[in-house]
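Here the structure is laid out as structure tokens; the discussion comes afterwards.
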Amino acid sequence: MATRNNRLPPLEIPNTDYRSKRRTPHRSGPSDAHFKRRRLVTKSEASTGSHKPHRLNRFQAISSSSQNRRKKRRIGKSGGGSSRGACSRRWTFSSADCSNCDDKVTIVSYNILGVDNASKHLDLYANTPRSFLEWERRKRLIFEEINTYNASVLCFQEVDHFNDLDNLFQNNGFKGVYKARTGEAHDGCALFWKDKLFTLLHQEDIEFQRFGLRNNVAQLCVLEARDDKPEPETSALTTVTSSTQRKRFVIGNIHVLFNPNRGDIKLGQVRLLLDKAYKLSEEWGSIPVIIAGDLNSLPQSAIYEFLASSKLDIQLHNRKNMSGQLEIQSTNRVFRSQIGYEASISMSRSRQSLYGWTMEELNLATGAIGVTNLKHHLNLRSAYSGVPGNHSTRDDIGEPLATSYHSRFMGTVDYIWYLYFFIKPQNHLRLPKIQY
């Protein structure tokens, strides 16, 4: 296993008991407005070590000599030597009653670190042997890691070698679609599904550039369960709706803009994805929705609040900190800091002075002129917040302490969100403790 200061190899799950740990504790029964969903790690929510007493997700200054602030490394991912069993990832099960749920699905969301991004930001991986960053090595480890999960659907971000991944996962029964970022970037988003379990009914891509929201992209697919799936105990899907006896759901995959200062654009990207996902759900008979990806936003942020509460008064938030990030100069390095939940979200509602947003910024964030209160129509929950955890791995609202970790960043920015009325989180991968 590679050192934790660098992009780590996938965290392995022992082969001996993985399958039984994730299947036998659960019963299957008739589905009635819910379907049982297997919760898998958002990107590989892992880092190494223990925790600080305060449980908010925090951006932590870690040794770095570079002023470059561009990219992040996903912990527990690709990039090191294989050490199967060295860091065991076991399943944690939800306390939710899933006895009336019939179907299950395992979702993986994983920012795999683009090859081009890694090569351009080597300062973030100064302690990582260069051989651990080589794509030929990392793609094999990514494939081996995913195989241990017996996943149904894969949502990848920062994919710039799609053909390599497509060839690997085709051999394992997956089909996939890819959308490259617009502009000069070389990476994009990729979405794969197990062909024996699902049929792709519809696919559409979002180029945010078309809406003045930079060069990021997102994917939306409608998947339908195959009636002839050979392994009903491991396949999963959505609910049987009133409008159709077929089990379908919308799956969205996104990589939100990184720039912490452009909260208007970040919020606009999330808002647009949710709007399109909802419309797609309605078009196909009010089917369930799952949203996965790298949101580049902390759990204590206004963007998280918007996702979780379905509404947001934009003028109560600083445009430069919509994602919970602040740029702070510290001697010879730049690191990101996160202000507390009460300060960033529950700001004094009685204050008369509101943050000033220009008309252009409001238009980018809301998609309409003069609108300051945003709403979306999806009753979403974050998957980890629905499954028990403890303070050695979770923050005060139940999210992982870290899903991303490199020499100048440690925090949670990656999520899987699900439509609450239709889906129940059943289990997720247990998180290693974090050391600062």
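Nothing fancy with the numbering, it's 1 onward along the sequence. In this text the structure is predicted, and so the values were computed from the model without any measurement.
The main-chain N or O of Leu401 is never found under 3.5 Å from a side-chain atom of Arg394 such that the two would form a donor-acceptor pair. For the pair Glu158 (side chain) and Asp187 (backbone), a donor-acceptor distance under 3.5 Å is absent.
Closest approach of Leu257 to Lys266, counting heavy atoms only: O-NZ, 2.8 Å. Of all heavy-atom pairs between Ser119 and Asp116, the closest is OG-O, 2.9 Å. Of all non-hydrogen atoms in Leu295 and Trp417, the two that sit nearest each other are CD1-NE1, 3.8 Å. Shortest non-hydrogen contact noted between Val413 and Ser404 is CG2-CB, 4.2 Å. Of all heavy-atom pairs between Ile112 and Val159, the closest is CD1-CG2, 3.9 Å. Here the shortest heavy-atom pairing between Asn261 and Arg319 reads O-NH1, 2.7 Å.
Taken from CG in Asn117 to CG in Asp160, the straight-line distance is 7.0 Å, to the nearest 0.5 Å. Interatomic distance, Tyr125 OH to Leu133 CG, rounded to the nearest 0.5 Å: 7.5 Å. Note that the CD atom of Gln157 and the CG atom of Leu113 stand 12.0 Å from one another [nearest 0.5 Å]. Going from atom CD of Gln269 over to atom CG of Asn296 covers 9.5 Å, rounded to the nearest 0.5 Å. To the nearest 0.5 Å, the span separating OG1 on Thr366 from CG on Asn373 amounts to 10.0 Å.
The shortest side-chain heavy-atom distance between Leu220 and Gln203 does not fall under the 4.5 Å cut-off. In this structure, Leu364 and Leu213 have side chains that are in contact, with non-hydrogen atoms separated by less than 4.5 Å. The closest side-chain heavy-atom distance from Leu165 to His161 is not below 4.5 Å. For the pair Ile291/Leu273, a side-chain contact is recorded, criterion being any heavy-atom separation below 4.5 Å from C-beta on. Looking at Glu204 and Lys276, their side chains come closer than 4.5 Å, going by heavy atoms from C-beta outward. Two residues are said to be in side-chain contact when any heavy atoms from C-beta on lie closer than 4.5 Å; Val177 and Cys221 meet this criterion. Taking the side chain as every heavy atom from C-beta outward, Gln209 and Arg181 never approach each other to under 4.5 Å. The side-chain heavy atoms of Val222 and Ile287, taken from C-beta on, include a pair separated by under 4.5 Å.
Legend: residues meeting side chain to side chain donor-acceptor pair (under 3.5 Å) with Glu283, ordered by chain and number and at least two apart, are absent. Applying the side chain to side chain contact (heavy atoms under 4.5 Å, CB included) rule to Ala365 yields the partners Asp264, Leu267, Ile314, Trp357; only residues at least two apart in sequence or on another chain are considered. With sequence neighbours excluded, the residues satisfying salt bridge (charged side-chain N to carboxylate O under 4.0 Å, His left out) with Asp195 are Lys175, Arg226.
Counted by atom type alone, His317 and Gln315 present zero donor-acceptor pairs between their side chains at under 3.5 Å. In this model, a donor atom of one side chain and an acceptor atom of the other lie less than 3.5 Å apart for Ser382 and Glu399. If you check the side chains of Gln219 and Asn253, you find a donor sitting under 3.5 Å from an acceptor.
Phe192 pairs with exactly one of Phe198, Tyr178, Phe162 by the ring-ring contact (aromatic ring centres under 6.0 Å, His included) rule, that one being Phe162. Checking Lys375, Met322, Arg271 one by one against Leu312, the side chain to side chain contact (heavy atoms under 4.5 Å, CB included) holds for a single residue, Met322.
In summary, the aromatic rings of His376 and Phe306 are positioned with their centroids under 6.0 Å apart. No close placement of the Tyr384 and Tyr415 rings is indicated, their centers lying 6.0 Å or farther apart.
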Between Asn172 and Phe143, does the side-chain contact (heavy atoms from CB on, under 4.5 Å) criterion hold? Intermediate values first, please. CA-CA 9 Å; Asn172 206 26; Phe143 180 69; 4.0 Å; yes

If you apply the rule side-chain contact (heavy atoms from CB on, under 4.5 Å), what do you find for Tyr149 with Leu154, and how did you get there? CA-CA 10 Å; Tyr149 300 152; Leu154 312 174; over 6 Å; no

Step-by-step salt bridge (charged side-chain N to carboxylate O under 4.0 Å, His left out) determination, Glu361 to Arg262: CA-CA 9 Å; Glu361 292 164 354; Arg262 293 312 304 264; 5.7 Å; no

How far apart are the C-alpha atoms of Ser385 and Ile397, what are their side-chain angles, what is the distance that settles it, and do they pass the side-chain contact (heavy atoms from CB on, under 4.5 Å) test? CA-CA 7 Å; Ser385 65; Ile397 58 176; over 6 Å; no

Check step by step if side-chain contact (heavy atoms from CB on, under 4.5 Å) holds for Tyr304 and Val270. CA-CA 10 Å; Tyr304 186 100; Val270 172; over 6 Å; no

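Geometrically, Arg381 engages Tyr420 in a cation-pi contact defined by less than 6.0 Å to the ring centre and at most 45° from the axis.
By the 4.0 Å N-to-carboxylate-O rule, Asp275 lies too far from Lys279 to be salt-bridged with it. Between Lys311 and Glu305, no side-chain nitrogen of the basic residue sits less than 4.0 Å from a carboxylate oxygen of the acidic one, so the salt-bridge criterion is not met.
More than 12 non-hydrogen atoms from other residues, nucleotides or ligands lie less than 6.0 angstrom from CD of Glu282.
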